[in-house]
Amino acid sequence: MAVSLRRPILDWYEAHRRDLPWRRPDATPWGILVSEIMLQQTPVVRVLPAWTEWMARWPTPEALAKEPPGEAVRQWGRLGYPRRALNLHACAKVITAEHGGRVPSTYAELRALPGVGDYTAAAVASFAFGGRHAVLDTNVRRVLARAIRGEEHPPRATTAAERRLAESLVPEVEAPRWAVAVMELGALVCTARAPRCEACPIAGQCAWRLAGRPAGPVRRGQRYAGTDRQCRGRLLAVLREADGPVPKSALDAVWPDQAQRERALDSLLDDGLAEVLPDGTYRLPAG
DNA sequence: GATGCGTGGAA
DNA sequence: TTTCCAAGCAT
């Protein structure tokens with residue numbers, strides 16, 4: 001039953017896959033790791049230029065490990081979730097110090113790297129090293145929720161049932177190709193909004209479509225305007241765009257609520273995304 | 001397990 | 001204009 005989804009999805013992938021630089025044969029494990037970190041909660045179209053520039057500047061973990069973490073944060077630019085830049089820098093340090101400068105190849109070693117969770121460890125182990133893992137991202141979860149469970153959206157948090165299902169579908173051979181194929185289907189056809197069922201290779205066996213595409217419950221997203229997150233973003237942008245340390249007044253200027261501003265700044269310091277010098281100026285982390 | 005964590009584009 | 005969402009992770 002569910003296994004019969006494989007062949008049409010694999011064939012569809014061969015015909016419709018995007019040519020992404022981290023999927024090319026010459027992509028390195030480091031390049032693939034960088035892409036996976038950048039792609040966490042971030043659209044491909046915005047990652048593409050950022051990845052190209054990052055890899056041109058730091059083609060190896062060793063190259064990045066030599067730099068201060070603040071340079072990673074600066075290069076990160078406006079990709080969002082800038083702690084990922086710190087994570088990538090920390091990955092580079094660990095890989096250089098503990099793995100001889102080579103990205104480790106096993107799920108367990110990858111999972112131990114900073115900022116590498118279940119998804120990213122499985123993805124890198126699969127795509128960079130050919131490992132056989134269930135790669136369960138938001139695209140795969142949505143495809144399976146619709147095709148198998150007949151629901152518009154997957155549960156908020158990944159369930160044991162979802163994981164069991166995903167693992168049951170991993171083929172014995174060419175598991176990485178299966179993983180990327182399902183992800184691609186979710187990204188291009190079985191999208192969150194306005195899915196293109198007419199272009200879907202498994203439309204004929206999709207439980208959700210066969211049920212008439214019933215709408216799921218409304219899902220409430222997190223607000224952003226006025227939050228600490230937005231405030232942190234404003235403050236960090238000042239540090240990122242400055243050549244050197246900035247006076248506190250430069251930070252005060254970009255957010256009116258003093259209490260919130262102080263709280264956000266403290267959290268940036270706590271996270272290691274900023275540091276304060278003895279003279280009271282602020283900058284990206286130097287060491 | 002629920003929250004917090006950036007940013008920008010599309011509907 | 002507002003809302004939703006984009007290859008998640010850590011706490």
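Just so you know, these numbers come straight off a predicted model, no measurement behind them. Letters A, B, ... are given to chains in the order of the sequence lines, protein chains preceding strands, and every chain is numbered from 1.
- In the displayed structure, A:Arg102 atom CZ is contacted under 6.0 Å by at most 12 heavy atoms of other residues, nucleotides or ligands.
- Under a 4.5 Å side-chain heavy-atom criterion applied to ILVMFWY residues, the cluster that includes A:Leu268 comprises A:Val73, A:Leu86, A:Leu235, A:Leu236, A:Val238, A:Leu239, A:Val246, A:Leu251, A:Val254, A:Leu265, A:Leu269, A:Leu273, A:Val276, A:Tyr282, A:Leu284 as well.
- Within the 4.0 Å cut-off from OP1 or OP2 of B:dG8, at least one side-chain nitrogen or oxygen of A:Arg78 is found.
- Between A:Gln230 atom CD and B:dG4 atom C1' there is a gap of 15 Å when expressed in whole angstrom units.
- Between the C1' atom of B:dC5 and the CZ atom of A:Arg223 lies a distance of 15 Å, rounded to the nearest Å.
- Ranked by how close their nearest DNA chain C nucleotide is to the 5' end, A:Arg111 and A:Leu20 are led by A:Leu20.
- Where A:Gln222 and A:Gly77 meet DNA chain B, the nucleotide closest to each residue was compared, and A:Gln222 sits on the side nearer the 5' end.
- Between the CZ atom of A:Arg156 and the P atom of B:dT3 there is a distance of 9 Å, rounded to whole Å.
- Side-chain atoms of A:Gln222 and A:Arg229 include a donor-acceptor pair closer than 3.5 Å.
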- Full working for salt bridge (Lys or Arg N to Asp or Glu O under 4.0 Å) between A:Asp19 and A:Arg23: CA-CA 7 Å; A:Asp19 175 30; A:Arg23 282 186 190 160; over 6 Å; no
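- Using a 4.5 Å heavy-atom cutoff, the side chains of A:Trp22 and A:Leu33 are not in contact.
- Residue A:Arg263 is classed as having no contact, given no heavy-atom separation below 4.0 Å to the nucleic acid.
- By the 4.0 Å N-to-carboxylate-O rule, A:Arg177 lies close enough to A:Glu14 to be salt-bridged with it.
- Contacts between residues 25-57 of chain A and DNA chain B, defined by a heavy-atom separation under 4.0 Å, are made by A:Gln41, A:Thr42, A:Arg46.
- Residue contacts for A:Ser267: at a heavy-atom cut-off of 4.0 Å it reaches no nucleic acid atom on any strand shown.
- Residue A:Arg240 is in sugar-phosphate contact alone, with no base atom involved, counting any heavy-atom pair closer than 4.0 Å across all strands shown.
- Chain A approaches DNA chain C over the interval C:dC4 to C:dA10, counting the first and last nucleotide 5' to 3' with an atom under 4.0 Å from its heavy atoms.
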- Message: Under the criterion salt bridge (Lys or Arg N to Asp or Glu O under 4.0 Å), I'd like the reasoning laid out for A:Arg84 against A:Glu36: C-alpha separation, chi angles, the key distance, then a yes or no.
- Response: CA-CA 11 Å; A:Arg84 293 183 293 165; A:Glu36 292 300 342; over 6 Å; no
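- A:Arg84 has its CZ atom 14 Å from the C1' atom of B:dG4, to the nearest Å.
- Between A:Glu152 and A:Arg213, none of the side-chain N atoms (NZ, or NE/NH1/NH2) sits under 4.0 Å from a carboxylate O, so this pair counts as no salt bridge.
- Side chain A:Arg229 to base B:dG4: no donor-acceptor pair is found below 3.5 Å.
- Contact check for A:Gln75 versus A:Glu71: no side-chain heavy atoms found under the 4.5 Å cut-off.
- If you check every strand for non-hydrogen atoms under 4.0 Å, A:Leu79 touches a base.
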